[in-house]
Each structure stands twice: as C-alpha cells, then as structure tokens.
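If you're wondering where the values come from, they're calculated on a predicted model, not measured in any experiment.
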Amino acid sequence: MPLTPSPKLVPDVSPQWRPNFWRASHLAQLDAARLPSPRLFGAADVQHLDPTLTLWDIWPVQLDNGDLVTLEAGSLWVMLSAPRLPDPDVRHNMARMRLLLKSEAGWRDCGNLLPDGFSPGSREWSGSTRLNPETGEVTLWFTAAGRRGEAKPDFEQRLFHAVGTLDLTGTLPRVTSWRGLTQTVVNTGELYADLSMTQGVPGQIKGFRDPYWFRDPADGVGYILFTASRASHLPASPYDGVIGLAKANDPDGQEAFELLPPILDAFGLASEMERPHMFVRDGLYYLFWSTQAHIFDTRFAQGPTGLYGMVGPSLFGPFEPLNGSGLVLANPPEEPRQAYAWQVLPSLEVVSFVDFWGLKGGDILKDSALKQAQFAGSIAPSSYLKLDGKTSTIIG
C-alpha cells in the first residue's frame with residue numbers, strides 16, 4: 001500500500017510510549033548480491049586540503065529549512081579534524097570542528113570553527129549548523145566529548161549549542177563572537193543510557209551525540225535528533241542503538257530543549273545509528289542514519305557499512321524502512337570500508353568522507369601498516385539519490 005501523508009501525529013511521551021523499530025526482519029529483506037553502491041574510489045579521489053590534517057564527518061551549514069547555504073563565495077561546510085597521526089583511531093581523542101568553503105575553484109580550509117577553550121569538552125564531536133541570513137547568526141549544535149582539562153580522554157558525551165556571527169570581511173569566511181553556550185538537554189538516564197560512567201573504545205561506546213536541527217513544517221516547532229543508546233533500566237542488550245529526540249522550548253532553539261523518547265529503536269539489531277538527519281519531501285518525512293557492519297548482532301542479521309533510512313507521514317512516524325530493509329547506500333563489496341558518515345541533503349546530494357580505501361581485500365584489524373597507509377580522512381565524491389515513496393535509488 002503506498003504511503004500517504006497524514007496530519008501530524010502527536011506523540012505520547014509517557015513511559016508506555018513505544019518508538020518505531022528497525023528490526024532484524026527488515027534487514028533480512030536485503031539482497032546482498034545487489035547492494036546499492038557508488039563507484040570504487042581511486043587515488044584521484046583522495047585529495048587532502050592540508051596534508052597535516054585528517055578530516056572526517058562532514059556536514060553543511062544549512063538554512064533553517066535544511067537547504068544549503070549559498071554565499072557569493074560558495075557554500076560553507078564543517079568537518080571534524082585532527083593532526084594526521086600514524087594510528088587513525090587516535091583522531092577521536094583530539095577532534096576539533098573545522099570550517100570549510102566550497103566554491104567552483106574547489107575546497108578551502110577556513111580554520112577551526114570554535115576558538116580554543118570555548119567547548120566544555122576535551123574534544124568536539126559531530127553536530128549540525130544553521131545560518132540566519134538576515135542576521136548573520138550561526139547556531140551550532142555539537143557534541144562535547146569528555147570534560148575540558150581532563151587528564152585522560154573520557155567518552156562521556158553531552159549536547160551543547162552556541163551562537164556565533166558570520167564574518168565575510170576577510171579573505172576567507174569565519175565565525176566570530178561565539179556566545180550563549182548552552183547545554184541543549186541534560187541526560188538524566190531515564191530515557192537514554194547514562195554516559196557518565198567509564199566506557200570502552202570508539203565503535204564500542206554508548207551514544208548521546210550527533211545533534212541535528214530539524215524544524216517540523218507541520219507546526220513550525222524545532223527539534224534535534226541525535227544518536228543515543230537505550231536507557232539501562234529497560235531490557236538489556238549490547239545492541240541497544242536508538243535515534244533520540246528533543247523539542248525546542250523557544251522558536252529558534254536558543255534555550256534548553258525538552259527531552260523526548262526515541263523515535264527509532266534498533267534494540268536487538270544494532271548498537272549505533274550515527275549522524276541521524278531528516279527532511280520532508282513530497283509530504284513525507286525521510287529519516288537517515290549511518291551504521292557500520294561490525295555493530296550488528298550477527299546472530300540475527302547483518303548489514304553492510306552504509307547509509308540507512310526510513311520514511312513516514314510525520315516526524316513521529318509510523319516509519320517504514322526504505323527499500324524494505326532500510327539500506328539506502330552501501331560501500332562497494334570490494335571495498336567495504338571506503339566511506340562513512342553519509343548525509344543526504346534536501347537536494348538529494350549525498351556527502352561523506354573517504355575512510356579506508358583501496359584495501360583490495362586486506363584486513364586493517366590484522367595489518368597495522370595497511371591501516372596507516374590506506375586511511376584517507378578526506379572529503380568523498382558525492383553521490384545522488386532518487387526517492388519515490390518507500391524506494392530509493394543511487395544515481396552516479
């Protein structure tokens with residue numbers, strides 16, 4: 001039966017409220033022999049803006065409705081950055097957000113987005129960025145990982161937002177006069193896993209990160225979606241990934257938000273649904289996220305590292321997996337690690353970063369030299385989607 005846009009559904013935020021689920025039965029519909037994959041990347045696709053820097057987790061500076069900001073100089077983007085070191089995994093312990101400019105001449109590095117010492121964390125992890133073109137105000141939602149000044153990096157994750165002013169007077173754009181640093185929501189542990197405890201290593205940690213701003217066109221209310229893990233008092237499983245939700249208490253999302261139950265739950269299937277984001281197209285709400293192959297419960301189902309998505313008639317669903325399984329885009333089977341952290345723009349352009357490319361069957365978990373040599377940490381070539389209700393197709 002085709003999906004039909006319907007009036008906005010108001011969620012029951014009582015403890016009995018049940019989110020939408022991404023289940024093993026959905027993923028079992030995946031045809032592993034016909035994965036929706038872009039082309040293989042080659043050496044020409046690995047271009048470093050600065051050979052001393054690693055870049056990953058790309059997102060655009062967007063307008064309030066999600067459209068890309070286009071200035072006379074080009075479009076603005078943000079990526080996580082760290083010094084290029086022999087072990088790529090170390091980058092997570094020193095991540096800073098970096099502002100980039102994209103124009104017809106290519107990409108240019110505009111420097112760190114936030115000033116030194118501004119973030120309350122020891123590292124800056126992913127988020128989203130909005131520009132008000134009338135005022136020049138830039139609002140940043142981001143993840144503060146750990147605590148500023150801590151002796152050893154901790155994996156506690158807190159969500160914050162702040163406001164800066166876009167300055168176009170210099171050779172390159174920059175954002176200045178950062179102010180209004182506010183904790184977006186406080187995780188009490190009732191709806192989502194409490195991350196104040198000691199955690200493990202990247203790829204095996206609980207989540208409360210990746211805030212993404214979304215204004216619901218149905219009523220104009222602002223929300224953030226984020227990567228999270230189920231509350232610990234619920235039925236337990238290491239495969240406890242959810243997409244969380246919080247509601248703005250003011251029109252522009254400058255104050256603290258109200259924490260709501262998750263809108264999507266992968267309990268028993270996957271431990272992470274990273275970089276969630278959403279837009280409305282043809283009256284339907286498209287929800288996307290990235291998941292890596294190694295975080296599935298392989299006793300029941302396993303998918304490739306890829307971009308996944310669902311579609312529904314409202315912000316709160318009910319959602320159905322795109323293409324039956326939820327898989328929208330997978331890395332090519334020949335190079336299952338070549339890209340990650342995809343984001344679909346309302347224009348249906350899909351952006352990501354080049355991860356481990358050109359492995360040619362090699363195993364980075366067993367070959368540290370290969371891991372060092374083939375980690376790119378650079379901007380990936382774009383792909384494009386075609387969306388038709390519950391079906392998506394990769395173009396180019």
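- Side chain of Glu272 to main chain of Asp240: no donor-acceptor pair is present (N/O by atom type, distance under 3.5 Å, no hydrogens or angles).
- A distance of 5.5 Å separates CD of Gln343 from CZ of Arg275, quoted to the nearest 0.5 Å.
- To the nearest 0.5 Å, atom CE of residue Met273 and atom CE of residue Met310 are 8.0 Å apart.
- Interatomic distance, Asp210 CG to Leu225 CG, rounded to the nearest 0.5 Å: 11.0 Å.
- In this structure, CG in Leu114 is found 7.0 Å from CZ in Arg96, a value given to the nearest 0.5 Å.
- Between Asp57 and Arg98 there is no salt bridge, since no side-chain nitrogen of the basic residue lies less than 4.0 Å from a carboxylate oxygen of the acidic one.
- Checking side-chain atoms of Arg281 against main-chain N and O of Leu348 turns up no donor-acceptor pair under 3.5 Å.
- With hydrogens and angles ignored, the 3.5 Å screen pairs a side-chain donor or acceptor of Asp367 with a backbone N or O of Leu370.
- With hydrogens and angles disregarded, a donor-acceptor distance shorter than 3.5 Å links the side chain of Arg91 to the backbone of Pro88.
- For the pair Arg39 and Asp45, the salt-bridge criterion is met [side-chain N within less than 4.0 Å of a carboxylate O].
- The hydrophobic clustering, which links ILVMFWY residues whose side-chain heavy atoms are closer than 4.5 Å, places Leu68 and Val78 together.
- Closest of all the heavy-atom pairs between Ser271 and Pro238 is CB-O, 3.3 Å.
- Residue Gly309 comes nearest to Val328 through the heavy atom pair N-CG2, 3.7 Å, listed as atom of the first residue, atom of the second, then distance.
- Of the possible donor and acceptor atoms, none in the side chain of Thr169 sits under 3.5 Å from a partner among the backbone N and O of Asp167.
- Val61 and Phe142 fall within the same hydrophobic cluster, where Ile, Leu, Val, Met, Phe, Trp and Tyr residues are linked whenever their side-chain heavy atoms come under 4.5 Å apart, directly or through other members.
- Between atom OG of residue Ser126 and atom CE of residue Met79 there is a gap of 9.5 Å, rounded to the nearest 0.5 Å.
- Cluster membership for Val351 and Val354, using ILVMFWY side-chain heavy atoms within less than 4.5 angstrom, is not shared.
- A distance of 6.0 Å separates CG of Asn187 from CG of Leu195, quoted to the nearest 0.5 Å.
- Ring-centre distance between Trp342 and Trp289: not below the 6.0 Å cut-off.
- The two residues Tyr192 and Pro261 come nearest to each other via the heavy atoms OH-C, 3.1 Å.
- One side chain, Arg179 or Thr165, offers a donor N or O that lies under 3.5 Å from an acceptor on the other.
- With hydrogens and angles ignored, the 3.5 Å screen pairs no side-chain donor or acceptor of Ser177 with any backbone N or O of Gly164.
- Under a 4.0 Å N-O distance rule, the pair Glu258/Lys247 does not qualify as a salt bridge.
- Contact check on Glu156 versus Arg209 returns no salt bridge, with no Lys/Arg side-chain nitrogen under 4.0 Å from an Asp/Glu carboxylate oxygen.
- Exactly one of Thr184, Leu80, Leu159 qualifies for a side-chain contact (heavy atoms from CB on, under 4.5 Å) with Thr143. That residue is Leu159.
- For Arg108, the CZ atom counts as loosely surrounded, since its 6.0 Å shell holds 12 or fewer non-hydrogen atoms of other residues, nucleotides or ligands.
- Linking Ile, Leu, Val, Met, Phe, Trp and Tyr whenever their side-chain heavy atoms come within less than 4.5 Å leaves Leu53 and Phe353 in two separate clusters.
- For the pair Thr139 and Gln254, the tightest heavy-atom approach, listed with the atom from each and the gap, is OG1-NE2, 3.5 Å.
- Between Thr54 and Pro83 the shortest heavy-atom distance is OG1-O, 4.3 Å.
- In this structure, the ring of Phe279 has its center less than 6.0 angstrom from the ring center of Phe288.
- The cluster map of Ile, Leu, Val, Met, Phe, Trp and Tyr, joined by side-chain heavy atoms under 4.5 Å apart, puts Val69 and Leu168 in the same cluster.
- Surrounding CD of Glu334 are more than 12 heavy atoms belonging to other residues, nucleotides or ligands, all under 6.0 Å away.
- For Arg130 (side chain) and Asp252 (main-chain N/O), a donor-acceptor pair under 3.5 Å exists by modelled atom type.
- Taking the six-membered ring for Trp and the full ring otherwise, Phe296 and Trp22 have centroids separated by under 6.0 Å.
- By the 30° and 60° cut-offs, the orientation of the rings of Trp141 relative to Trp213 is parallel.
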